[in-house]
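The shown structure was predicted, so the numbers you read here are calculated from the model rather than taken from an experiment. Remember, it's 1-based here, ligands and their atoms both numbered in the order they're listed.
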Amino acid sequence: MRVAIAADHGGYDQKGSIADFIRSLGHEVIDFGPFSPDPVDYPDYADKVARAVSRGDADRGVLLCGTGLGMAITADKVPGVRAAAIQSIEFAELFREHNDGNVLALSGRFVGLESNQRLVRIFLETEASAEARHRTRVEKIMREDDPAFEGVDA
Ligand code: RB5
């Protein structure tokens, strides 16, 4: 798979190691930076990765900031993206199985490198469920991208 990655200064220390880990699993990494530990605004980097996934230039995205929260909030606003900040193995599995998540946001300040590597492996190796109930729900998530969709009770 082609995996887009980016960070802010809160995730910068782990970004290189996470990128190497993704390559060691046999995937291509597209690194959107930053390339120094200087402070940057996380929405700029979430945008780069989310749009790469949205365009189809990358199959999945991995983002690192202090908490993962700001990256996930930003990335999830880009059409076609299903992003979440994940800290546990179980949530990483369910994010793929139930939500068909395509952008994983990690915490560089509160979660260690080895734990984040485990989350990345699960994110990249777990298939989305083919069960109809989950596919239907993911399709319903994606209605929110459609400007013509007026809401469930409209
Ligand atoms: C930067 O200080 C911090 O706000 C950022 O890395 C992230 O945690 C935001 O959600």
Side-chain angles (χ1 to χ4, degrees), residues 1-25 27-126 128 134 137-147 149 151:
M1 276 190 286
R2 296 159 304 161
V3 182
I5 191 169
D8 75 351
H9 48 290
Y12 179 80
D13 285 352
Q14 291 193 24
K15 179 171 71 79
S17 300
I18 293 286
D20 287 344
F21 180 71
I22 293 169
R23 288 188 196 96
S24 80
L25 297 176
H27 303 290
E28 178 188 341
V29 172
I30 309 165
D31 190 341
F32 284 96
F35 301 101
S36 91
D38 297 342
V40 294
D41 295 332
Y42 61 81
D44 294 340
Y45 289 87
D47 175 77
K48 291 169 194 269
V49 164
R51 285 178 188 264
V53 172
S54 182
R55 287 192 304 267
D57 292 346
D59 303 296
R60 302 271 173 85
V62 174
L63 292 162
L64 291 124
C65 67
T67 58
L69 295 171
M71 288 293 202
I73 291 167
T74 309
D76 201 59
K77 292 185 182 298
V78 174
V81 169
R82 294 175 296 280
I86 298 289
Q87 297 183 15
S88 80
I89 297 289
E90 292 81 4
F91 277 34
E93 283 172 350
L94 291 168
F95 178 50
R96 286 290 308 135
E97 289 172 358
H98 289 197
N99 313 121
D100 196 3
N102 54 13
V103 174
L104 175 72
L106 299 172
S107 166
R109 286 194 178 135
F110 298 94
V111 179
L113 176 61
E114 285 187 14
S115 296
N116 275 334
Q117 286 172 330
R118 279 194 285 275
L119 298 176
V120 166
R121 180 193 283 275
I122 289 166
F123 172 63
L124 296 178
E125 296 185 350
T126 303
H134 295 307
R137 291 165 188 162
V138 170
E139 284 167 19
K140 287 187 173 185
I141 293 173
M142 303 322 292
R143 292 183 303 196
E144 305 293 344
D145 282 349
D146 180 358
F149 178 59

Identify, by atom number and element, the atoms of ligand 1 in contact range of [X], meaning under 4.0 Å from any of its heavy atoms.
| X | value |
| --- | --- |
| Asp8 | 1 (C), 5 (C), 6 (O) |
| Cys65 | 6 (O), 7 (C), 8 (O), 9 (C), 10 (O) |
| Gly66 | 5 (C), 6 (O), 7 (C), 8 (O) |
| Tyr42 | 5 (C), 9 (C) |

All pairs passing salt bridge (Lys or Arg N to Asp or Glu O under 4.0 Å) where residues 69-89 contributes a residue, at least two apart: Arg82-Asp100
Asn102 side, atom CG; Asp59 side, atom CG - distance, nearest 0.5 Å: 10.0 Å
Quick one: pull up CD in Gln14 and CD in Glu114 and give me the separation to the nearest 0.5 Å. 10.5 Å
Within the structure provided, determine whether Ile30 and Ile5 are in side-chain contact (heavy-atom separation under 4.5 Å). no
Identify the closest protein heavy atom to atom 1 (C) of ligand 1: which residue and atom is it, and at what distance? His9 NE2, 3.6 Å
Give me the nearest non-hydrogen protein atom to atom 2 (O) of ligand 1 as residue plus atom name, then the distance to 0.1 Å. Arg109 NH1, 3.5 Å
What part of Thr67 sits under 4.0 Å from ligand 1 if we count only heavy atoms: the side chain, the backbone, both or neither? both
Within residues 75-100 or reaching into it, pairs that qualify as ring pair (Phe, Tyr, Trp, His ring centres under 6.0 Å) - sequence neighbours excluded: His98-His134
Any Met71 heavy atom less than 4.0 Å to ligand 1: no
For atom CZ of Arg51, decide whether the heavy atoms of other residues, nucleotides or ligands shown that lie under 6.0 angstrom number more than 12. no
Would Asp146 and Arg143 pass as an ion pair if we require N to O under 4.0 Å? no
When you measure from atom 10 (O) of ligand 1 to each heavy atom in Gly70, Ala7, Gly11, Pro43, which option holds the nearest one? Gly70
